[in-house]
Amino acid sequence: MKTNKNRLSHLVVITILLFAGCDSNMVQVDEPIDAQALEEQTNSSNFNLSELIEITDFTNLRQGDYTGRFLIISKSQNLPNNLASIIKKAGGEIVKTYPEIGVAVAVSRSSNFYANAKALKEIESITADIILQYTKNPEGRTNKSNLETTTIGVPFNYQSAFFDGFQWAPTSIEAPAAWDAGYTGDGVRVAVIDGGFHSTHVDLAPNFDITSSISTYPGYLFNEDVGTFWHGTHVAGIVAAAGVGIVGIAPEATLIGIKSLHNGSGAFEFVLDGILYAAKPQSQGGAGAQIINMSLGATFDYRNNWGDKDFRDYFREMQKIFDRATRYAYQNGVTVFAAAGNGGNNYDVANELYQLPAENQHVLSISSTGPTGWVLGNTNFSQPAYYTDHGKSLVDFAAPGGTIGLYIIEGYDDICTLNGTFANHTNFCETYDMVFSSIKGFGGDGWYGWAQGTSMASPAAAGVAALIIQANGGKMSPAQVKTKMLQSATDLGKPGQDEFYGNGFVNAAKAVGIN
C-alpha cells in the first residue's frame, strides 16, 4: 500500500453512512464508449492488477487500499469442482470459498494471474477487493455531548430506565404500547453487521449472544473499535437496549454482533462474510439470525464512471455478489434491513446512483425521519430528515433516525434543557432531535450519546420486525414480515407508495395487532 499500484484512487466511488426492494434487478447501463475506446481505456489503466501483492496484515489498511485478494464468481450457484486446480494453473491460490452462493476468494502467486483467470471459461468474473468507507455522518454540526449513568434501572422494567424521557423515537412509532402488551422481541435473533460492539455495556450485556458474535475484519475482535462512539454500539442499542439506561425498540431481542468494519471502513469480503455467517443456521455453524441489520452502505455513481473499465468490473461484481448473499439470507428465512443513505438524493431522479446493499435483492431499505424542536414542544416525529436519501425506487419504509434540521434548515441555535424523569440535560436544542442510544464512552459500561442518520432509522425498523416475529409465534418468512409491515405502516406523504416514506412510516403497535 505504499504506491498507487495498491489503491483504487482513480475510481470515483462515493461512500455514504449507514444506509431495494425484494425484486431488484441488475442495473443495465448502456456503455458510453465504443470498442476501440474501451480497449484503449483498458490498456492505459493505471490500476495494474498484475502487480498487486498479497496482504497479510489488514490492520493498517485505509480507504482505497487493495486487500491483496480477488473475488471470483462462478457461472452458476455452485463452484466448479476443479476451481482450485484451474486457479493454481492460472497462477493463483483459492484461500476461501462460499459454496452456498458460488463465490470464492483467491490471491495471486504470479504476475500473470489476473489476466489468466479472466480467460477461464469456468468462471463468470474476477475482480480485486478494496477497502471502502461504509459509514459517514450526514452533513451538519457534530454533536459532542455524551452522558453516563450515575444510577441504573432494572433490565426490562422500562419505566425505570435512568434516561426515561430522553427518547422520542420509541414513542413516535408507538413501541411502548407494544411493550405494555408483552411484545418485546423476546426469543428473536437480530444480527447487527457493523463496527465494534461494547458488549459489556449495561444496556447491551443482558441481550448479547457473546458466543455467536464474531469479527470478520481480520486482526480485531468483535468488541474492538476506535474512538468513544462506536457506531455498532449505538445501532445495537436502538434495536435492543434492555431498559437500564434507555429502551430499544425490541428490548428483549437477542443481539448478535458481527464486526465487519473498523472505524467505519472495511473490505467487501468482510461484509460478505458477515452476511453469510449471520444468515447461516446455527446447526451449520452460523449465527442463526432471523433479522439482519446493516446500517452501512456504499453509493456508486455508476453512470458517470461507466467509462472506466475497472469501475465497471468492480461495480458489476459487487452488485452480483451482494445479490447472491442477500438472496441466500432470504432463502434461509432472514429478513434483511439496510440504511437508505444520507446523501439527500432522490433516486427516482438521480438514477445514476446505486446504493449497495440497500438496493440489492430482498433488502428492506429504510429512510429517516425526525422532529424539529422536540424539546420546544414540537411532535413532528415523522417529518423526513433533511439528509435522507429517498425515492420510490429506493425506499421501502421510513423510521425515526433523528435530525438536526432545527439548526441546519431552520437556523435555530439556542440552548435548551431536556427534563427527563430522573435526569436533566442542557445542550443545543437540536441535539435532542437526534436519536439517543448506547455508546462506548470514556471508560465504564454506562455511556450514551446522540446521533442522526439512516443508520439510526434502519435498526428501529429491524426492532419492529423483531416484535412482529415474536407476536406471530417466533418464526416468520421475510415475505410474511414485510407483509405485516406493509399492513401496519402509517401511510404518509403522497397516498400509497411515497418517495420519502416508501410503503409507510413503521408502527410497532399496529404491527403486533394493537389498533
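The environment of NZ in K475 is sparse: at most 12 heavy-atom neighbours from other residues, nucleotides or ligands sit within 6.0 Å.
With sequence neighbours excluded, the residues satisfying salt bridge (Lys or Arg N to Asp or Glu O under 4.0 Å) with D225 are K259. R69 meets the salt bridge (Lys or Arg N to Asp or Glu O under 4.0 Å) test with E269; sequence neighbours excluded.
Proximity of F208 to T254: side-chain heavy atoms (C-beta onward) are nowhere separated by under 4.5 Å.
Ring orientation note: the planes of Y432 and H425 are nearly perpendicular, at an angle over 60° on the 30°/60° scale. Note: W447 and F442 have perpendicular aromatic rings, judged against thresholds of 30 and 60 degrees for the angle between ring planes. The aromatic rings of W450 and F436 are tilted relative to each other, their planes meeting at an angle between 30° and 60°.
Looking only at atom types and distance, the side chain of T426 has a donor-acceptor partner in the side chain of T417 under 3.5 Å away. S368 and Y387 are linked by a side-chain donor-acceptor pair at a separation below 3.5 angstrom, with hydrogens and angles left out of the test. Of the N and O atoms on the side chains of T216 and D273, not one donor lies less than 3.5 Å from an acceptor on the other residue. N380 and T372 are linked by a side-chain donor-acceptor pair at a separation below 3.5 angstrom, with hydrogens and angles left out of the test. The closest side-chain donor-acceptor pair between T454 and N342 falls under 3.5 angstrom. In this structure, a donor-acceptor pair under 3.5 Å is present between the side chains of Q361 and R327. There is a side-chain donor-acceptor pair under 3.5 Å between H198 and D445. Side chains of Q355 and T299: a donor on one and an acceptor on the other come within 3.5 Å. Under the 3.5 Å distance criterion, with hydrogens and angles disregarded, a donor-acceptor pair is assigned to the side chains of Q452 and Y386. Residues T326 and N360 have side chains that never bring a donor and an acceptor to within less than 3.5 angstrom of each other.
A ring-centre distance under 6.0 Å is found for H234 and F229.
Put simply, the side chain of Q133 gets close to the backbone of T135: a donor and an acceptor are under 3.5 Å apart. Although no hydrogens or angles enter the test, the distance criterion places no donor-acceptor pair under 3.5 Å between the side chain of Q470 and the main chain of A253. A donor-acceptor pair is defined here as one N or O able to donate and one able to accept, closer than 3.5 Å; no such pair exists between the side chain of T388 and the backbone of P384. Under a 3.5 Å cut-off, the side chain of H262 and the backbone N or O of S260 do not form any donor-acceptor pair. The backbone N or O of D209 sits nowhere less than 3.5 Å from a side-chain atom of S212 that would complete a donor-acceptor pair.
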Which is it for Y354 and F300 under the ring pair (Phe, Tyr, Trp, His ring centres under 6.0 Å) test, yes or no, and what are the steps along the way?
CA-CA 5 Å; Y354 187 89; F300 288 85; 7.5 Å; no
Take W230 and F197, measure what ring pair (Phe, Tyr, Trp, His ring centres under 6.0 Å) needs, and give me the verdict at the end.
CA-CA 7 Å; W230 287 27; F197 301 90; 8.7 Å; no
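Residue pairs that meet the disulfide (SG to SG under 2.5 Å) test with at least one member in residues 398-457, sequence neighbours left out, are C416-C429.
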